[in-house]
Protein chains: 2
Amino acid sequence: MRLTTKGRYAVTAMLDLVLHSQTTPVTLTEIATRQTISLSYLEQLFSRLRKADLVKGVRGPGGGYRLRQTPDLISIASIIEAVNEPIDSTKCGGEENCQHDSVCLTHDLWSGLSEHIQAYLSKITLADLIAQRDERRNNAKCGEAIIHFDKPLKYG
Amino acid sequence: MRLTTKGRYAVTAMLDLVLHSQTTPVTLTEIATRQTISLSYLEQLFSRLRKADLVKGVRGPGGGYRLRQTPDLISIASIIEAVNEPIDSTKCGGEENCQHDSVCLTHDLWSGLSEHIQAYLSKITLADLIAQRDERRNNAKCGEAIIHFDKPLKYG
DNA sequence: ACTTAACCAACTAAAATAGTCAATTATCCT
DNA sequence: AGGATAATTGACTATTTTAGTTGGTTAAGT
């Protein structure tokens with residue numbers, strides 16, 4: 001699992017979508033202006049998010065995007081995976097030829113790390129992020145007490 | 001902490017360096033040919049690794065690079081951090097202005113995730129990776145039993 | 001019909017990654 | 001001392017990824 005700005009854009013956009021979901025769908029134009037992401041880039045991202053069945057597009061006036069599932073069922077991992085297509089993180093591909101000493105060694109390292117991050121981000125959902133925000137809003141002004149994810153949040 | 005191919009190259013090169021460290025330093029040319037990484041790219045990487053005090057260059061014939069510390073003191077995290085310069089993973093910088101709802105929300109998410117990965121990779125050292133390889137060499141042929149880092153390895 | 005907004009494809013721009021080239025400097029060896 | 005080795009440095013090019021642009025088509029609402 002790669003961690004780049006692309007995934008961040010996607011998560012930010014999805015969060016914006018959730019936070020502004022009312023009876024009507026949310027348009028990309030709204031998200032674009034609120035989050036200062038270009039509309040066309042959002043289109044690219046949402047094209048992938050849609051193909052991954054995370055969102056559902058509604059055409060025509062009054063249209064926009066909706067979540068396919070409730071926020072507690074959409075993990076951060078699934079969002080990030082949806083937008084950046086998978087790569088083989090190793091040179092030896094699936095072959096795992098150990099002629100060059102350290103190739104498979106790093107292969108294990110990266111695949112293990114990837115699994116670890118995957119597991120971590122799979123446990124955090126959009127609902128968790130919203131709950132965290134609400135909690136902070138009640139307890140403190142922004143900038144005073146910043147809550148960090150030292151451990152995966154509990155949810156359910 | 002960003003996870004890109006750049007960090008992978010660096011870790012691979014450092015591993016190669018450790019595995020071939022004898023009485024004499026290891027030249028970048030050797031590493032380049034063994035790991036099929038271009039010499040000049042290695043130069044760029046090792047320039048940063050040297051500035052981060054992870055390696056020490058020895059000029060002249062018979063020269064090359066050595067580790068500054070023993071392999072059990074060099075974490076994977078330190079290698080990755082050395083090669084890719086830090087970026088602010090958030091738009092709001094340090095300002096944390098919460099006027100736009102989800103900005104600080106994702107800020108917390110990314111900084112938390114970064115810390116998490118940081119902690120994970122800080123516990124894995126070059127020595128761990130070598131130990132893992134030796135273990136595998138004794139127990140199984142490559143390709144049969146691949147050990148994954150489901151949990152950080154113990155060391156010390 | 002007309003407007004809205006998703007959907008789509010090709011194209012451009014900027015940034016990061018990867019690699020090239022050429023020169024300099026320190027060190028060893030003869 | 002002089003030549004070979006290999007780090008060190010910097011500027012430059014190529015490729016890939018990321019981000020943004022343009023100009024459409026399609027579906028749905030008014």
Side-chain angles (χ1 to χ4, degrees), chain A residues 1-13 17 20 23-33 35-68 80 82-89 91, chain B residues 1-13 17 20 23-33 35-68 80 82-89 91:
Chain A
M1 167 168 280
R2 294 170 57 209
L3 294 179
T4 65
T5 54
K6 197 171 190 175
R8 281 203 283 268
Y9 273 103
V11 173
T12 301
L17 174 56
H20 296 89
T23 51
T24 60
V26 180
T27 68
L28 293 189
T29 307
E30 293 174 51
I31 300 177
T33 53
Q35 303 300 331
T36 57
I37 306 172
S38 84
L39 176 61
S40 53
Y41 195 45
L42 277 179
E43 283 177 349
Q44 289 176 37
L45 296 177
F46 272 77
S47 172
R48 290 168 180 270
L49 292 172
R50 190 173 54 81
K51 280 164 190 161
D53 268 339
L54 292 178
V55 297
K56 158 177 56 176
V58 180
R59 292 184 167 191
Y65 282 95
R66 283 185 203 281
L67 294 186
R68 265 243 125 88
I80 294 177
V83 292
N84 26 269
E85 68 271 44
I87 47 155
D88 51 347
S89 61
K91 279 184 184 174
Chain B
M1 169 168 280
R2 295 170 57 209
L3 296 180
T4 66
T5 53
K6 198 171 190 174
R8 281 203 282 269
Y9 274 104
V11 173
T12 301
L17 174 57
H20 296 88
T23 51
T24 60
V26 181
T27 68
L28 293 189
T29 307
E30 294 174 50
I31 299 178
T33 55
Q35 302 300 331
T36 58
I37 305 172
S38 84
L39 175 61
S40 53
Y41 195 44
L42 278 179
E43 283 174 349
Q44 288 178 39
L45 297 177
F46 273 77
S47 171
R48 289 168 180 269
L49 293 172
R50 190 173 56 82
K51 280 163 188 161
D53 268 340
L54 293 178
V55 297
K56 156 178 55 176
V58 180
R59 291 185 167 191
Y65 282 97
R66 283 184 203 283
L67 294 185
R68 265 240 126 89
I80 294 177
V83 292
N84 27 269
E85 69 271 46
I87 48 157
D88 50 348
S89 61
K91 281 184 184 173

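Sequence lines set the chain letters: A, B, ... in the order given, protein chains first and strands last, and positions in each chain run from 1.
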task: Kindly write out the residues that satisfy side-chain hydrogen bond (donor to acceptor under 3.5 Å, both in side chains) with Glu30(A), not counting sequence neighbours, or none if the list is empty.
output: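 For Glu30(A) the side-chain hydrogen bond (donor to acceptor under 3.5 Å, both in side chains) partners, ignoring immediate neighbours, are Thr27(A).
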
message: Which residues pass the side-chain hydrogen bond (donor to acceptor under 3.5 Å, both in side chains) test with Ser47(A), not counting sequence neighbours?
response: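 Ser47(A): side-chain hydrogen bond (donor to acceptor under 3.5 Å, both in side chains) contacts with Lys51(A).
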
message: Given dT17(C), dT17(D), dC21(C), identify the nucleotide with an atom nearest to the side chain of Thr4(B).
response: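 Output: dT17(C).
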
field: Among dG20(D), dA6(C), dA6(D), the one nearest Thr27(B) by side-chain distance
entry: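 Between dG20(D), dA6(C), dA6(D), the one nearest the side chain of Thr27(B) would be dA6(D).
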
Using whole Å, report how far [atom1] of [X] lies from [atom2] of [N].
{"X": "Lys6(B)", "N": "dA18(C)", "atom1": "NZ", "atom2": "P", "answer": "8 Å"}
{"X": "Arg2(A)", "N": "dT17(D)", "atom1": "CZ", "atom2": "P", "answer": "7 Å"}
{"X": "Glu43(B)", "N": "dT5(D)", "atom1": "CD", "atom2": "C1'", "answer": "13 Å"}
{"X": "Leu42(A)", "N": "dA6(C)", "atom1": "CG", "atom2": "P", "answer": "10 Å"}
{"X": "Tyr41(A)", "N": "dC8(C)", "atom1": "OH", "atom2": "P", "answer": "18 Å"}
{"X": "Arg66(A)", "N": "dA6(C)", "atom1": "CZ", "atom2": "P", "answer": "12 Å"}
{"X": "Ile37(A)", "N": "dA19(D)", "atom1": "CD1", "atom2": "P", "answer": "9 Å"}
{"X": "Arg8(A)", "N": "dT17(D)", "atom1": "CZ", "atom2": "P", "answer": "18 Å"}

Give, for atom [atom1] of [X] and atom [atom2] of [Y], the distance between the pair rounded to the nearest 0.5 Å.
{"X": "Leu3(A)", "Y": "Ile80(A)", "atom1": "CG", "atom2": "CD1", "answer": "6.0 Å"}
{"X": "Asn84(B)", "Y": "Leu45(B)", "atom1": "CG", "atom2": "CG", "answer": "9.5 Å"}
{"X": "Leu28(B)", "Y": "Thr33(B)", "atom1": "CG", "atom2": "OG1", "answer": "10.5 Å"}

query: Do Tyr65(B) and Leu42(B) come close enough that some side-chain heavy atom pair is under 4.5 Å?
result: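 Tyr65(B) vs Leu42(B): side chains apart.
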
- prompt: Side-chain contact, heavy-atom cut-off 4.5 Å: Leu67(B) with Leu54(B)?
  reply: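 Leu67(B) vs Leu54(B): side chains apart.
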
- prompt: At under 4.0 Å, does any side-chain N or O of Tyr65(A) touch on OP1 or OP2 of dA5(C)?
  reply: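 Answer no for this pair, as no side-chain N or O of Tyr65(A) is under 4.0 Å from OP1 or OP2.
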
- request: Tell me whether the OP1 or OP2 atom of dA6(D) has a side-chain N or O from Thr29(B) closer than 4.0 Å.
  value: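 Answer is no, no contact under 4.0 Å.
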
message: For the backbone of Thr23(B) and the side chain of Arg66(B), can you confirm whether one donor and one acceptor N or O come within less than 3.5 Å of each other?
response: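 Between the backbone of Thr23(B) and the side chain of Arg66(B) there is a qualifying donor-acceptor contact (under 3.5 Å).
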
message: Enumerate the side-chain hydrogen bond (donor to acceptor under 3.5 Å, both in side chains) contacts for residues 53-64 of chain B, please, sequence neighbours excluded, ordered by first and then second residue.
response: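 Non-adjacent pairs meeting side-chain hydrogen bond (donor to acceptor under 3.5 Å, both in side chains): Asp53(B)-Arg68(B).
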
query: Which heavy-atom pair separates Gly62(B) from Pro25(B) by the least distance, and what is that distance?
result: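 Between these two residues, the closest heavy atoms are O-CD, 3.3 Å.
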
Exercise: identify the closest heavy-atom pair between Ala32(B) and Ser38(B):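 In terms of heavy atoms, the two residues are closest at CB-C, 4.5 Å.
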
- prompt: Could you run down nucleotides 25-30 of chain C 5' to 3' and tag each one B, S or - for protein heavy-atom contact under 4.0 Å?
  reply: BBBB--

Closest-nucleotide ordering on DNA chain C, the 5'-leading residue of Gly63(A) and Leu39(B):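 Whichever sits nearer the 5' end wins; that is Gly63(A).
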
- request: Quick one: sort the Tyr9(B) and Tyr41(B) rings into parallel, tilted or perpendicular, breaks at 30° and 60°.
  value: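 Answer is perpendicular, since the angle exceeds 60°.
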
task: Write out the stems for DNA chain D, ordered by first number and formatted as range with range, counting runs of at least 3 consecutive Watson-Crick or G-U wobble pairs under 3.5 Å.
output: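 Result, WC/G-U stems under 3.5 Å: C:1-30 with D:1-30.
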
- request: Give one of base, sugar-phosphate or nothing for Leu28(B), where a contact means two heavy atoms less than 4.0 Å apart.
  value: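 Since only primed, P, OP1 and OP2 atoms lie under 4.0 Å of Leu28(B), the category is sugar-phosphate.
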
- request: Could you list by number each residue of residues 44-56 of chain A showing a heavy-atom separation from DNA chain D of less than 4.0 Å, or answer none if no residue does?
  value: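 Those residues are Gln44(A).
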
